[in-house]
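The block underneath contains the structure these notes are about, expressed in structure tokens.
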Amino acid sequence: GRTSHFGIHGNEAINVLLEDLDISAFEAGGISLNGVQNVLIRNVQVHHNALDVPVLSWYSKARFLLDKLDSAIATGSGGTWNGKRGAQIKAELKDEMDSTYWQVVNSETVSSKLFKNTAGAIDGCVTG
């Protein structure tokens, strides 16, 4: 089924069996296992990454940026950008992200010029 990033993603698992699976409609990768031990993958098909990705990778980058903006605002080290201070930039970014989020969740067309993915394909790397 549809996943926003990986079909299967696991960290530090032990005795993993992935068997008789069909993994598709993922954005970034079919299977991602980090620090796992004793893994068997048998009869697994990974194919057809998603080609209907509604937002660009800027969306996730902006989500991670929010914490950094909080730090800059708290220390007063953010200065201004295009005449705007950190709190205003964060508020506008968060509003844009929230609007985009609800458009995606409600299967509406994304209207954000910053986040809308007009090509539909993932704009990052894809792995098996």
Side-chain angles (χ1 to χ4, degrees):
R2 176 78 184 248
T3 179
S4 63
H5 207 62
F6 289 100
I8 295 174
H9 188 191
N11 296 307
E12 300 181 17
I14 300 172
N15 298 328
V16 176
L17 172 62
L18 301 176
E19 185 174 29
D20 298 326
L21 299 172
D22 185 86
I23 302 170
S24 63
F26 53 85
E27 290 182 10
I31 300 171
S32 178
L33 303 174
N34 304 298
V36 297
Q37 297 176 37
N38 194 22
V39 178
L40 175 60
I41 300 174
R42 180 173 44 215
N43 193 28
V44 174
Q45 302 296 316
V46 178
H47 58 94
H48 295 100
N49 65 295
L51 296 175
D52 59 347
V53 180
V55 296
L56 296 168
S57 62
W58 287 115
Y59 184 86
S60 63
K61 290 172 179 66
R63 181 70 58 199
F64 294 122
L65 181 63
L66 292 177
D67 287 341
K68 299 298 181 195
L69 285 172
D70 284 338
S71 296
I73 293 166
T75 62
S77 63
T80 62
W81 185 66
N82 285 344
K84 298 178 183 179
R85 299 204 47 83
Q88 182 181 358
I89 293 168
K90 181 185 176 191
E92 290 176 6
L93 181 61
K94 189 164 180 336
D95 287 347
E96 186 85 4
M97 293 179 72
D98 289 348
S99 175
T100 299
Y101 172 83
W102 286 111
Q103 288 172 344
V104 171
V105 167
N106 292 319
S107 299
E108 299 170 1
T109 300
V110 173
S111 61
S112 171
K113 290 179 183 176
L114 180 59
F115 301 125
K116 182 177 183 172
N117 185 354
T118 56
I122 187 170
D123 63 329
C125 65
V126 177
T127 60

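Side-chain contact between Q103 and T109: absent, with no pair of heavy atoms (C-beta onward) separated by less than 4.5 Å. Counting only heavy atoms from C-beta outward, the side chains of N117 and V110 never approach each other to under 4.5 Å.
Here I73 contributes atom CD1 and L69 contributes atom CG; the two are 5.5 Å apart, rounded to the nearest 0.5 Å. Here the CG-CG distance, from D70 to L65, works out to 9.5 Å after rounding to the nearest 0.5 Å. In this structure, CH2 in W58 is found 16.0 Å from CZ in R63, a value given to the nearest 0.5 Å. The distance from the CG atom of L93 to the NZ atom of K84 is 10.5 Å, given to the nearest 0.5 Å. Atom-to-atom distance recorded for L114:CG and M97:CE is 9.0 Å, nearest 0.5 angstrom. Atom OG of S99 and atom OH of Y101 lie 13.0 Å apart (nearest 0.5 Å).
Placement of W102 and V55 within a single hydrophobic cluster is found when ILVMFWY residues are connected by side-chain heavy-atom separations under 4.5 Å, directly or transitively. Side-chain heavy atoms closer than 4.5 Å link hydrophobic residues (I, L, V, M, F, W, Y) into clusters, and following such links, possibly through other members, connects L56 to V105.
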Given the rule in the side chain to side chain contact (heavy atoms under 4.5 Å, CB included) test, do L18 and L33 qualify, once you have shown the distances and angles that lead to the verdict? CA-CA 11 Å; L18 301 176; L33 303 174; 4.3 Å; yes
Between L40 and E19, is the side chain to side chain contact (heavy atoms under 4.5 Å, CB included) condition met? List the steps. CA-CA 8 Å; L40 175 60; E19 185 174 29; over 6 Å; no
For L17 and R42, what are the C-alpha separation, side-chain angles and deciding distance, and is it a side chain to side chain contact (heavy atoms under 4.5 Å, CB included)? CA-CA 8 Å; L17 172 62; R42 180 173 44 215; 4.2 Å; yes
Before giving the answer on side chain to side chain contact (heavy atoms under 4.5 Å, CB included), spell out for I31 and L21 the whole-Å C-alpha distance, their side-chain angles and the decisive distance to 0.1 Å. CA-CA 11 Å; I31 300 171; L21 299 172; over 6 Å; no
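Heavy atoms only, all atoms of each residue included: G30 and V46 are closest at CA-CG1, 3.7 Å. The two residues F115 and S112 come nearest to each other via the heavy atoms N-OG, 3.0 Å. Of all heavy-atom pairs spanning E12 and V36, the tightest one is N-CG1, 4.2 Å.
For the side chain to side chain contact (heavy atoms under 4.5 Å, CB included) test with V44, the passing option among I8, D20, D22, I23 is I23; the others fail.
The number of heavy atoms from other shown groups lying within 6.0 Å of NE2 (H48) does not exceed 12.
Remark: side-chain polar atoms of T100 are paired, donor with acceptor, to backbone N or O of E96 under 3.5 angstrom.
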